[in-house]
Amino acid sequence: MNKKLLFPLVFAGFAWSVFAQNTIISPAIPVDKVIEDKVEKLLEKMTLEEKIGQMTELTIDVLTDKKTTGQPGFTFDEAMLDTVIGKYKVGSILNVPYGEAQTKEVWATLIKRIQEESIKSMGIPCVYGVDQIHGTTYTAGGTFFPQGVNMGATFNRELVRKGAEISAYETKAGCIPWTYAPVVDLGRDARWPRMWENYGEDCYVNTEMGRESVIGFQGEDPNHIGPNRVAACLKHYMGYGVPVSGKDRTPSSITVQEMREKHFAPFLESVKAGALSVMVNSAMNNGLPFHANYELLTKWLKEDLNWDGLIVTDWADINNLYTRDKVAASKKEAVKMAINAGIDMSMVPYEWSFCNYLKELVQEGEVPMSRIDDAVRRVLRMKFRLGLFDKPYWDPSEYPEFASKSHAATALLAAEESLVLLKNADRILPLASGKKILITGPNANSMRTLNGGWSYSWQGHKADRFAGEYNTILEAFKAKFGVGNVVYEPGVTYKQKGAYWEENAPKIEKAVAAASEVDYILACVGENSYCETPGNLTNLFLSQNQLNLVKALAATGKPVILILNEGRPRIINEIEPLVKAVVNIMLPGNYGGDALANLLAGDVNFSGKMPYTYPKDINSLVTYDYKPCEDLEKMQGAYDYDAVMSVQWAFGYGLSYTTFAYDRLSVNKPSFTAGDELVFTVDVTNTGDKAGKESVLLFSSDLVASLTPDIRRLRAFEKVELQPGETKTITLKVKGSDLAFVGYDGKWILEKGDFRIQTGKQTLNITCSETKKWNTPNK
């Protein structure tokens, strides 16, 4: 076969991929001929300058009249608006004015103006994008959901989809058609400051939740995004969550096996679900920046999946190929590398040199016109799919359910199902009524810490001002248990105008004195809000002030309930043995205080499970799907190595006020092949005296393989609600091909041999009867 056929063949605006074995792949999103015809007719009329403008995205800061900062509403710099839209034909604007949330009315007014200018100038609407990653996070008054890591802890697909639907509706109320979510990076390094943005460490959980989020944002038909929906943007393509240093935007070293089998999986499934766009990882893998990686951008994503969506850069990342990564000798060369690698839209974000450089590159033959046309097709296609040509802006009054009681109830439910009970010695929880409680710690009276970053502002530092109508932990407990039963003395406080990790001089003695008059101590510790690179750390231990606070409180003899309010697991092995109970609330959002009060009062039962592995020691960072050699008993002989795993709490762990028993695990096909569907059933019984929800997790272990297998892998989960004494039979389906792995040659293989299946304490063995190897990149 002619090697040229390995490159996309463009027909009616759609890129058909052809593999070497002459197999045509079905498109990831069905072709809509009406849309394709419109794209082609418009493309034929466009000048080179107009095409390049469609590939350009600038921040709203460029269009802002800086003299009006701090004044109500939004004011454009008229000359700049004319330059950006009129001269350079820029096709996309992003970000939030003045660095903080705006009302839906302000959003609607400014976007309407941009759209009017865009239509007048070129007949093409703008597409505006915002990072609404856990609810309507940049729209003042909107409904906030828990951060992604909490949503992963719910193990509840329905809640994730519903949360995305609500976020889409409320985002659209402000005329914003594009959200940079969901985040489906794998949070596999506890040091990483973006651990909390995704659904946890496991690729299957991220895959399932990512798909549900995409459908929630976009609806079931990606060619026709409805009036209550927005375009999703998958972040960050890919391998972002395992930097070698643990710091944001720093290099990773991921093998092709690990990349395809785990990091690619959520993107693959979400693209199949119709995701219209993808944002690229800002860092690099094995020395090659992702923004210059043709193999991953064009081959894996566009060609192998036959996907006709849009690839957008992250913030200034084309320029970073020159200024930071040193793979380009100039800004112009960086533009050439990124566009030829497969980038369709550049988040520049402050100036338009990108437009000038790209025009020169096309004129010089360094970037082919076919690549420009392919990119512009993708931009125009998304705008047609969003219906922006027919209705480029809306009236907020068309969205009467904005911030409704129904939306709030769903967000509260999500928060309640996301909190994880990790320890409950002597069944101290739920708290007895009528008792006095000391609320202490730096996270006790803060909306900022409940929400984390991307909340009203980038670093989340304005949440206390914007979210005053919601309850902090302190306020929620006063409302639930009575003002007279709650004493507040923080002992440790954050320096609010300092770096996220800075604390004021502690006043631990005051908290200790206050403990003398109470029955329980609720120690609310963790982290202040942060986002991206400013959230990097050098020490994963909980701060010394907070450790000292808990030690001093425990020494009083009063029972301590430890509340962990943090974006990543901070090491607490010194204080965990000193406390009676531990609750990991992570970043539960505006309703997190109420959810915690409801749970500790016993009005609601805990059902969250850990979405990541909580480390016990500073140098024992591990994920649940580790290799066998990472957890060995001592070796015999002279080499007395000790590699026993050290974990505080395991992935999937979580307690309840009731107990559950598993029985009668069975499978329809004890012997299977790649083409079979394995149907597992297990009886789950609520053996306690309270109603509860249980996440039933099904794991597989490949007992022998040609590459060392992971200890175990999550393959299915379902959440079930059971009354006391009630039994339900749970069905969990797994494709035989899902038990395959990526071999040393980079291709998928399912090998003949035995697998152990486990759910709860139930196990059984199944056998693959024949080996199958896939010659295509994906199963």
Side-chain angles (χ1 to χ4, degrees), residues 57-66 68-78 80-81 84-85 90-119 125-145 164-181 217 225-233 347 349 382-383 386-388 391-404 407 451 454-458 460 462-463 465-467 469 590:
E57 185 176 48
L58 299 181
T59 175
I60 189 64
D61 296 345
V62 175
L63 302 178
T64 304
D65 184 348
K66 306 302 189 297
T68 64
T69 300
Q71 297 179 12
F74 177 83
T75 304
F76 283 98
D77 180 325
E78 296 295 334
M80 195 60 72
L81 182 64
V84 169
I85 303 296
V90 169
S92 183
I93 305 295
L94 84 152
N95 218 354
V96 56
Y98 310 119
E100 64 181 42
Q102 302 295 318
T103 66
K104 63 183 185 299
E105 290 78 15
V106 170
W107 274 120
T109 298
L110 78 89
I111 290 178
K112 179 181 178 182
R113 179 69 187 286
I114 290 172
Q115 295 292 38
E116 289 173 341
E117 289 295 317
S118 296
I119 297 296
C126 173
V127 59
Y128 204 108
V130 175
D131 290 279
Q132 309 257 44
I133 74 164
H134 70 109
T136 326
T137 51
Y138 274 134
T139 306
T143 305
F144 277 34
F145 278 81
E165 288 178 5
I166 290 171
S167 179
Y169 179 95
E170 295 192 359
T171 296
K172 210 64 170 288
C175 290
I176 302 168
W178 191 18
T179 185
Y180 302 134
F217 281 129
I225 306 301
N228 296 339
R229 310 286 182 152
V230 297
C233 186
M347 190 185 291
M382 187 169 82
K383 291 181 178 183
L386 284 166
L388 295 178
K391 193 170 184 179
Y393 51 85
W394 306 265
D395 186 328
S397 65
E398 297 176 47
Y399 297 87
E401 290 301 307
F402 181 88
S404 67
H407 291 181
N451 280 294
W454 298 122
S455 302
Y456 302 109
S457 63
W458 178 40
K462 298 184 179 183
R465 172 162 65 89
F466 277 94
E469 65 186 281
N590 280 336

>> What's the separation between atom OG in S457 and atom CZ in F466, rounded to the nearest 0.5 Å?
In response: 8.0 Å
> Looking at side-chain heavy atoms only, is the closest gap between P97 and V106 below 4.5 Å?
Replying inline: no
> So H134 and N451, side-chain contact (heavy atoms from CB on, under 4.5 Å) or not? Walk me through it.
Replying inline: CA-CA 9 Å; H134 70 109; N451 280 294; 3.7 Å; yes
> Can you check whether I133's main-chain N or O pairs, donor with acceptor, with D131's side chain at less than 3.5 Å?
Replying inline: no
> What pair of heavy atoms forms the shortest contact from A232 to W178, and how long is it?
Replying inline: O-NE1, 4.0 Å
> Atom CD1 in I166, atom OG1 in T136: separation rounded to 0.5 Å?
Replying inline: 8.5 Å
> A164 and F217: which non-hydrogen atoms are nearest, and at how many Å?
Replying inline: O-CD2, 3.5 Å
>> I'd like to know if the side chain of K383 reaches the main chain of G91, judged simply by a donor and an acceptor atom lying under 3.5 Å from each other, with no hydrogens or angles considered.
In response: yes
> Atom CZ of F145 and atom CD of Q132: how far apart are they, to the nearest 0.5 Å?
Replying inline: 12.5 Å
>> Quick check on ring-ring contact (aromatic ring centres under 6.0 Å, His included): which of Y128, W394, Y399 does W107 satisfy it with?
In response: Y128
>> What I'd like to find out is whether the side chain of Y169 reaches to under 4.5 Å of the side chain of E401, using heavy atoms alone.
In response: yes
>> side-chain contact (heavy atoms from CB on, under 4.5 Å), that's the test. Do T64 and Y98 meet it? Break it down for me.
In response: CA-CA 8 Å; T64 304; Y98 310 119; 3.4 Å; yes
> Do K104 and F402 meet the cation-pi criteria used here (NZ or CZ under 6.0 Å from the six-membered ring centre, within 45° of the axis)?
Replying inline: yes
> For I225, which of V230, L388, L386 qualifies under side-chain contact (heavy atoms from CB on, under 4.5 Å)?
Replying inline: L386
>> With a 6.0 Å cut-off (strictly less than), is the heavy-atom count around NZ of K112, excluding the residue itself, greater than 12?
In response: no
> Quick one: CH2 on W458 to OH on Y138, what's the gap to the nearest 0.5 Å?
Replying inline: 9.0 Å
> What distance separates E78 CD from R113 CZ, expressed to the nearest 0.5 Å?
Replying inline: 4.0 Å
> Does the side-chain contact (heavy atoms from CB on, under 4.5 Å) test come out yes or no for M80 and V62, once each step is laid out?
Replying inline: CA-CA 7 Å; M80 195 60 72; V62 175; 3.7 Å; yes
> Is the shortest heavy-atom distance from the side chain of T137 to the side chain of F144 under 4.5 Å?
Replying inline: yes
> P125 versus I119: any side-chain heavy-atom pair under 4.5 Å?
Replying inline: yes
>> Any heavy-atom pair between the side chains of L94 and T59 that's under 4.5 Å?
In response: yes
>> What I'd like to find out is whether the side chain of E469 reaches to under 4.5 Å of the side chain of N590, using heavy atoms alone.
In response: no
> Between CG of L81 and OG of S118, what distance do you get to the nearest 0.5 Å?
Replying inline: 8.0 Å
> Which pair of non-hydrogen atoms, one from E105 and one from P396, has the smallest distance, and what is that distance?
Replying inline: CA-CG, 4.3 Å
>> Tell me if a side-chain donor or acceptor on E170 pairs with a main-chain N or O of A403 at a distance below 3.5 Å.
In response: yes
> Heavy-atom distance under 4.5 Å between the side chains of V130 and T139, does that happen here?
Replying inline: no
